[in-house]
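Scroll down for the structure; my scribbles are underneath it.
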Amino acid sequence: MQDIVNCLWFEDRGLEAAHFYTGLFPNSRLLGQSPGPDPEVPMTVAFELDGRSFVALNGGPMFTFNEAVSFQIMCDTQDEIDHYWDALTAGGEESRCGWLKDRFGVSWQVVPVRLPELLSSQDPEVAQRVTEAFMPMKKLDISVLEAAARG
């Protein structure tokens, strides 16, 4: 089977975004670019984020990003959450429940790996308390979620 490649439509900042993302995520790299009508702006930029294929397409202003599509970053530690949250919200905007938009308008969810585990607890009261704890949060806090699970 061929790879499924995530294609992100930018007005004209695809190369800038590819540089930013490949500098942020481990095991990431730029793969190449194809020329566009403007010699300063490539038409496409191929890159990998932690081994996953992406293409940034500089297609003009016809389409913009929205929350209908987002990328989840599953984090083991609060330090990881803080790292991605701080980098991606710089010039972007925070939302609720671990969601944010980066400076390019791309939506991300920065989620502790522990959250789905807590939400799938056999005890419905644990799941309810954890839900009540994370719903008003912007950046998710593992210690607060764990405390809510304990009651």
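Residue numbers run from 1 in the order of the sequence given.
A donor atom on one side chain and an acceptor atom on the other are not found under 3.5 Å apart for D12 and N58. Counting only N and O atoms by type, the side chains of D141 and S143 include a donor and acceptor under 3.5 Å apart.
Partners of S70 according to the side chain to side chain donor-acceptor pair (under 3.5 Å) rule, which considers only residues two or more places apart in sequence or in another chain, are Q109. Partners of F47 under the ring-ring contact (aromatic ring centres under 6.0 Å, His included) rule, at least two apart in sequence or in another chain, are F54. Residues forming a ring-ring contact (aromatic ring centres under 6.0 Å, His included) with W85 (at least two apart in sequence, or on another chain): none. Annotation: salt bridge (Lys or Arg N to Asp or Glu O under 4.0 Å) contacts of R29 (sequence neighbours excluded): E48.
At least one side-chain heavy atom of L145 sits less than 4.5 Å from a side-chain heavy atom of M137. Counting heavy atoms from C-beta outward, L119 and L115 have side chains that approach closer than 4.5 Å. For the pair P42 and V45, the minimum side-chain heavy-atom distance is below 4.5 Å. Using a 4.5 Å cut-off on side-chain heavy atoms (C-beta onward), D86 and K139 make contact. Side-chain contact between N66 and S107: absent, with no pair of heavy atoms (C-beta onward) separated by less than 4.5 Å. A 4.5 Å side-chain heavy-atom check between M74 and P116 finds at least one atom pair inside the cut-off. Inter-residue side-chain proximity for N6 and V55 is flagged as unmet; no heavy-atom pair is nearer than 4.5 Å. The closest side-chain heavy-atom distance from Q78 to L140 is not below 4.5 Å.
Side-chain atoms of S34 come within 3.5 Å of backbone atoms of T44 as a donor-acceptor pair (strictly under, hydrogens ignored). With hydrogens and angles disregarded, no donor-acceptor distance shorter than 3.5 Å links the side chain of E132 to the backbone of R129. Here the side chain of T77 pairs a donor or acceptor atom with the backbone of E80 at under 3.5 angstrom. Distance alone, capped at 3.5 Å, places no donor-acceptor pair between the S121 side chain and the L118 backbone.
A distance of 10.5 Å separates CD1 in I81 from CD1 in I73, rounded to the nearest 0.5 Å. Going from atom CZ of R52 over to atom CZ of F71 covers 11.0 Å, rounded to the nearest 0.5 Å. With values rounded to the nearest 0.5 angstrom, I4 atom CD1 is found 10.0 Å from S53 atom OG. Here the straight-line distance linking atom CG of N27 with atom CG of D50 works out to 5.0 Å at 0.5 Å rounding.
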Passes side-chain contact (heavy atoms from CB on, under 4.5 Å), F104 versus F10? Steps please.
-> CA-CA 8 Å; F104 305 103; F10 295 88; 3.7 Å; yes

Would W9 and M62 satisfy side-chain contact (heavy atoms from CB on, under 4.5 Å), going step by step from the backbone distance to the final call?
-> CA-CA 9 Å; W9 183 297; M62 286 76 67; 3.7 Å; yes

Are M43 and L57 close enough, and set up right, to give a side-chain contact (heavy atoms from CB on, under 4.5 Å), and what steps lead you there?
-> CA-CA 6 Å; M43 178 61 73; L57 169 68; 3.9 Å; yes

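Note on V144 and V130: same hydrophobic cluster, where clusters join Ile, Leu, Val, Met, Phe, Trp and Tyr whose side-chain heavy atoms are under 4.5 Å apart, directly or indirectly. If you chain together hydrophobic residues whose side chains sit under 4.5 Å apart, W108 and V111 never meet in one group.
Across V110, D82, I142, a single residue satisfies side-chain contact (heavy atoms from CB on, under 4.5 Å) together with C75, and that is V110.
Applying the ring pair (Phe, Tyr, Trp, His ring centres under 6.0 Å) test to pairs two or more places apart or on separate chains, none has a residue in residues 123-151.
A salt bridge is defined here as a Lys NZ or Arg NE, NH1 or NH2 lying under 4.0 Å from an Asp or Glu carboxylate O, and D76 with R114 fails to meet this definition. A salt bridge does not link E94 to K101: none of the charged side-chain nitrogens sits closer than 4.0 Å to a carboxylate oxygen.
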Show me, pair by pair, the donor-acceptor contacts under 3.5 angstrom made by side chains of residues 14-26, not counting sequence neighbours?
| residue | atom | partner | partner atom | Å |
| --- | --- | --- | --- | --- |
| E16 | OE1 | R13 | NE | 2.9 |
| E16 | OE2 | R13 | NH2 | 3.0 |
| Y21 | OH | D102 | OD2 | 2.4 |
| T22 | OG1 | A18 | O | 2.8 |
| T22 | OG1 | H19 | O | 3.2 |

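The environment of CD in E125 is sparse: at most 12 heavy-atom neighbours from other residues, nucleotides or ligands sit within 6.0 Å.
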